[in-house]
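First up is the structure itself, then whatever we jot down about it.
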Amino acid sequence: MTKRRTRADNYDDYDGYYPTSKPRKVSGGIEAKSKRGAFGESWWARRWIAVLESYGIGTRLQRGRSYARGGQVLNVEVEPGHVKAKVQGSRPRPYDIHIRLPLLTSAEWERAIDAMSAQAIFAAKLLADEMPQDIEQAFDAAKVALFPANGSDLDTACSCPDYANPCKHIAAVYYLLGEQFDADPFLIFKLRGRSREQIIEALRKRRAAAVKSEASAPPGGEPERLPESVPALADTLESFWQGGDLSALAIRIAAPEIEAALLRRLGKAPGDFDEALRQVYHALTQLALEKIAGE
Amino acid sequence: MSNIFHGIVGPGTRRFFVWAERIVEPGEMPQKRGRQARTPLHPFAAPTDWLVGWVASFSPATRATAAEATLWLPSTPNAPQPSPELQAEGVASPDESDGKLAFKAWKIPGVAFDLTEALDFLLALPSQTGVTPGSDIAFWRKAALYALELAAAQSVLPSLDRQDGQLIGLWKVEHTAHFGELAALMPPLCRAAVDSPEAALPPARLLDGFVQVVVDGLTREAARRLTLRAPATPGGKWLKALTGDQRGVALQGIQADRLFTDWQTWAKPAQVAGNAAFKITFRLDAPGDEDQPWHLQYLLQARDDPSLIVRADQIWRGENSAYLQERFDQPQERLLTGLGYAARLFPPIEDSLRGVAPTQALLRSGEAYLFLREVAPLLQGSGFNVLLPRWWAGGARSALSARAKVKAPKTAAKSLLTLDTLVNYEWEVMLGGQPISRQEFEALAALKQPLVMLRGQWVALDERQMEATLKFFQRSHDQIRLQDALQMALDDPAAQNGDQPVVSIELTGWLKSLLESLRQPNKLDLLPPPDSLHGQLRPYQVRGFSWLAFMRRFGLGACLADDMGLGKTVQTISLLLHARDDLKVKTPALIVCPTSVVGNWRRELNRFAPDLKVMAHHGSERETGKAFSKQIKKHQVVVTSYPLLARDLETLLDVEWSTVILDEAQNIKNAATKQAQAAQALHAASRIALTGTPVENRLSELWSILNFLNPGYLGSETQFRRTYAGPIERGSDEQAAKRLRHRTGPFILRRVKTDKSIIADLPEKLEMKVYCNLTTEQGTLYEAVVKDSLDSIQQAEDEGDHMSRRGLVLSMLLKLKQICNHPAQFLKDDSALDGRSGKLARLKEMLEEVYAEGDRALVFTQFAEMGTLLQAYLRDSFYDEPLWLHGATRTKDREAMIQRFQAMHGPTVFLLSIKAGGVGLNLTRANHVFHFDRWWNPAVENQATDRAFRIGQTRNVQVHKFICAGTLEEKIDEMIESKKKLAESIVGADESWLTELSTSDLRTLVTLRAAEVD
């Protein structure tokens, strides 16, 4: 691991022998969702962060988390092989951070996509914003490493005066990236050189090829009808006053079989107020039942 | 006369605009003026004032304010086309000579209120008379119900939107299949509030806008009931915007952006189950035998055509790709995404995705059961489509049922039977519709499999139900109350729920015939009318009386709900005589009726059963406590009023009544009132309710009456509101209505005068005297006038001044008649009218029935000022505009009124002064004639009556002559009746003959019998 130093003349961000300085307050920075404890909910986010934590940089990790939670990270951009970010430290000018990761070769990608296409679950889970648990095995079998194995796979740089690398600013960005991966597993692929569209397209092609080679199933009927279009108001002179038979539509006002099913389906809502939502949902059903009963 | 009211979303997207078309008097139509405004005023829209008052009359919480809208309506060059509903009221459609129909803009006055209030407004819409909803209102009402359906099902997602750079919090609805169906039913009228016809929005957009705002409003209303803590975090600010009055989220810049992206990511799965065209569908297919796996197939199903199904293998192969791409772009990825989400809910789906192109999951029976029971509802809740085997319909619960075979007790004394009597029964258990023996059942239970095959059919077993059923077997002989047995027999088994198996019942022996008689009262054995009855019963009255006796025998409360005029009174009196003569009942009966008809009951009892000893518990001289107990020993029937029932309840509770009869039983419609609770508390061996209103359509009334008749039969009021009244009245739930009819039908006998069998039994003209009581105010005024006048008359007589005596007599008669009509007519003080006149109270009660039946009535009075008072009073009471024809009416208007009344959907009430309207008119639309006050010459009255009873009359006509009991009105009536011939010779066309009476005869004539006053 190399650390390129840009400015070594100032040590006020240095963690060690000198008292630490406070970073400047930032408004509108990216605040981490995690407010305490570990970062990243999903296994793949943790897998990513484990690499950072393997450096053994001690208190810088802790400070990096505080930076991430405090909104000191101003911007993060993920590009193939390269993450660019800006972090506000104690100096007026935010520091520039770069994290570089080698791209997978085309041959590696082919092998990886072959491995993924063997099981629909990989595509299904990825599309459902989830990294399949056993995708690493699939990559391993294809002799492709999706996640960096350790620090030596990464090249990190920060414009801060701290000689240590990774510094707390890099750590902060790293933590935030973990959270981004939580929401969008395709981001790791992007970092490794393939966009979401490219991967989906490649998987689709492999799937079609696989199905075509299977014995053909009974052909399906071609659907024929087209949806009706809405007439212009001017063409409704004859039917203007008449609607359809409303009694044909049976409305049933009843409590759902499962309370707050949307929350169960979507998981924890952003904003951290699931308990309040559950209460609102329950009260809403009650209100609707009261309204229909005329209470 | 009926105004047609309309509603439309606008102006803007958050207001609801209500307006009405009204019937314009001929000549009232504004003439075409020289210069026309660019957008002319709609010529027959109801004024804003009227609308404000009307909305406030049934939905006082609606904050309706004056507003104006521009609507494009089909029009001739001069006028908009009236709606079909208005045309049904007799308003002619513009004919071809007025020019061709084309869309034209009209400025329309009306009221508007916040769209969030539209739901309450639309649900509160009364089924009241006088105002008819247009097709647009009917549509929005349905849309409101749909919104309520979504709200109850919690199909709403906390959401964010950006408006003018500002982040706002709102609740977004997730539509169901009902949305597309409903949008297709929207009348074009709903789209007409636009600047130009081209700008009209498609129905789906309008409906979506309406539903989104209404459900968002409902959710906020629900949230307001809670105490929610909103921290100062971005999430807390969003929660505040979702639940408070301000929709804006107090976040700026990157924080706002971040919350927005987070929300987008989170809410994305809400769209994974499909789109407007297709839904991802899971179909569970059962195997042919127990050793085979179950198949859970992956499909796409078209939303608008359930028969259109695309299988997963077709999608993987890319078949129909052009067609699908257009409606369901990227079908493979969509299906994969959906499966990816579904896999989180059900591991076997995840396992199935190990293949390259999965088309189904194979399930073991335990997994299939888990899917049926828990996963399927979850998937459905997530928007997926789930197709389940037909035998599952209703779930595992409906598979098991138990049937109780009830044996009729061999008791000879069936008359002692009450609903509380215990009867024996035996259980028989059915599984999947087949009877099953105890051994078979225990063998199945031992398998501990939730899905088993029984004689070639799959059956789902619910563990808790299995346990409950084993218990049934263990106590195979049991007893239940007759009420529960009957209730179960009359119930729809599908309505049950809970852990118990569905229970049905089979009655044997005479209980079976009891049930059949309850279901078909027409097949009852008829009883001979009591010998002691003075008068004839018409055939349908014999049936009614026999039914009352039958119900009494089995201790069942009965509601006789015949139409007004069919003789509920005489049928009831027959029952009282039957109880006394044939059943040797010794204890007295109690009749409770409105104050205004206490006198009427006494007179009817006296007429039909002169040997029944009747006591009116009424008036200020009534006895209470011990004195009452003593008095009652000498009487067989007590008549009292609802107010006194509540006031003297303690006295009335001391008596064990043989029968309690509630006349005009709608008086206990509000169960919370004192009189309803008092009625409930009375000790009675049998109970009867009489009402002429169509009680089955007024559900809170129905509950209250049936709860009086057969306490507990319909459950608690809250239960009833939630299971029946609400869904039926506000949700138009046909199934619930059917169940309720099934359940209540046996306790209500209702014949209407238009029944063929009834018409044949009825005379063409039915004359009835309606005795009304004076109110205390009327009584006091009456007595004061009598005393003053008689003193002056005596003085004039003493002085030999015949001219002034004659004047004084006539003036006294006039004053007394005015007081009998209404104190306000006598006092001429413009005071409030309600609660001050017995006649007016009675007229309102009877007209309620007229309105409820869709009948029409003529109301005659001899006083122009009374007619005017009545017109105003009826207008306010019924929200209708009664016609009023009197001496000052212009000939032209007179003709128009007659035409309007004779039209198919003309006004319900026509008020006429007897002088102006008594002759020459042909008003055969009316089938009721009311004489609010009496004209002392029967010939004049009859002539007036004949306005309705003329050639062209196709129905029976009922004539109601109002008489104030105990006043000169009654005495004069008696005189006319007893000396009809004589009367016709002495009674001239006016009242001058009365002036010839001696002062002492006059005194007898006018003196008030105190017992008739409240």
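Order of the sequence lines sets the chain letters (A, B, ...), proteins ahead of strands, with each chain counted from 1. Note that the structure is predicted; figures quoted are calculated from it, not measured.
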Next item on the list: Report the C-alpha distance between Phe273(A) and Leu242(B) in whole Å, list the side-chain angles of each, state the deciding distance to 0.1 Å, and finish with yes or no for side chain to side chain contact (heavy atoms under 4.5 Å, CB included).
Entry: CA-CA 11 Å; Phe273(A) 49 66; Leu242(B) 284 169; 4.1 Å; yes

Next item on the list: Please test Leu145(B) against Ile292(A) for side chain to side chain contact (heavy atoms under 4.5 Å, CB included), starting from the C-alpha separation and ending with a verdict.
Entry: CA-CA 8 Å; Leu145(B) 291 173; Ile292(A) 193 65; 3.8 Å; yes

Next item on the list: Take Arg207(A) and Leu336(B) through the test side chain to side chain contact (heavy atoms under 4.5 Å, CB included) and record every step on the way to the result.
Entry: CA-CA 12 Å; Arg207(A) 198 181 306 121; Leu336(B) 280 170; 2.9 Å; yes

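The contact between Leu277(A) and chain B is made entirely by side chain atoms (from C-beta outward), counting heavy-atom distances below 4.5 Å. Using a 4.5 Å cut-off between heavy atoms, Leu378(B) touches chain A through backbone and side chain atoms alike. Contact of Tyr281(A) with chain B is made through backbone and side chain together, with heavy-atom distances under 4.5 Å. In this structure, the portion of Ala254(A) lying under 4.5 Å from any heavy atom of chain B is its backbone and not its side chain. Using a 4.5 Å cut-off between heavy atoms, Glu179(A) touches chain B through its side chain atoms alone. Contacts of Ala250(A) with chain B are made by backbone atoms alone, with heavy-atom separations under 4.5 Å and no side-chain atom involved. In this structure, the portions of Ser239(A) lying under 4.5 Å from any heavy atom of chain B include both its backbone and its side chain.
Ion pairing between a basic and an acidic side chain is recognised when a charged N comes within 4.0 Å of a carboxylate O; Lys291(A) and Glu221(B) show such pairing.
Atom CD of Glu149(B) sits about 7.5 Å away from atom CG of Leu249(A), to the nearest 0.5 Å. With values rounded to the nearest 0.5 angstrom, Thr285(A) atom OG1 is found 3.5 Å from Gln154(B) atom CD. One distance of note links CG of Asp351(B) with CD1 of Ile121(A); it measures 7.5 Å at 0.5 Å rounding. For the atom pair His178(B) NE2 and Ile251(A) CD1, the distance stands at 5.5 Å (nearest 0.5 Å).
The candidate with the highest count of non-hydrogen atom pairs below 4.5 Å against chain B, out of Pro256(A), Ala283(A), Gly271(A), is Pro256(A). Considering only heavy-atom pairs separated by less than 4.5 Å from chain A, the leading option among Ala222(B), Ala102(B), Gly235(B), Ala152(B) is Ala152(B). In terms of non-hydrogen atom pairs under 4.5 Å with chain B, the most contact-rich of Ala118(A), Pro270(A), Gly244(A) is Pro270(A). The candidate with the highest count of non-hydrogen atom pairs below 4.5 Å against chain B, out of Ala261(A), Ala234(A), Ala255(A), is Ala234(A). For the options Leu119(B), Leu239(B), Leu228(B), heavy-atom pairs under 4.5 Å to chain A are most numerous at Leu239(B). The residue among Ala151(B), Pro197(B), Ala200(B), Ala192(B) with the most heavy atom pairs within less than 4.5 Å of chain A is Ala151(B). In terms of heavy-atom pairs under 4.5 angstrom with chain A, the leader among Thr359(B), Asp120(B), Leu379(B), Asp136(B) is Asp120(B). Per-residue heavy-atom pair counts under 4.5 Å with chain A were compared for Thr233(B), Leu345(B), Val156(B), and the maximum is reached by Val156(B). Ranked by heavy-atom pairs shorter than 4.5 Å toward chain A, the options Pro231(B), Gly338(B), Pro187(B), Ala230(B) are led by Pro187(B).
Within 6.0 Å of NZ on Lys240(B) lie no more than 12 heavy atoms contributed by other residues, nucleotides or ligands. Atom CZ of Arg252(A) has 12 or fewer heavy atoms from other residues, nucleotides or ligands within 6.0 Å.
Remark: the backbone N or O of Ala128(A) is paired with a side-chain donor or acceptor of Arg344(B) at under 3.5 angstrom.
Within the 4.5 Å cutoff, the side chain of Leu237(A) has no heavy atoms near those of the Gln81(B) side chain. You'll find the side chain of Trp171(B) reaches within 4.5 Å of the side chain of Val280(A), heavy atoms only. Between Leu246(A) and Leu182(B), some side-chain heavy-atom pair lies under the 4.5 Å cut-off. Residues Trp241(A) and His6(B) are in side-chain contact: their nearest non-hydrogen atoms beyond the backbone lie under 4.5 Å apart. Residues Leu353(B) and Gln119(A) are not in side-chain contact: their nearest non-hydrogen atoms beyond the backbone lie 4.5 Å or more apart.
Here the closest heavy-atom approach between residue Arg204(A) and residue Gln332(B) is recorded as CG-OE1, 3.1 Å. Residues Pro188(B) and Leu233(A) come closest through the heavy atom pair O-CD1, 3.8 Å.
Here side-chain hydrogen bond (donor to acceptor under 3.5 Å, both in side chains) pairs that include residues 267-280 of chain A, with residues two or more places apart or in two chains, are Lys268(A)-Asp272(A).
Residues that satisfy the side-chain hydrogen bond (donor to acceptor under 3.5 Å, both in side chains) test with Glu290(A), not counting sequence neighbours, are Arg225(B).
For the residue pair Gln242(A) and Ser135(B), no side-chain donor N or O sits within less than 3.5 Å of a side-chain acceptor on the partner.
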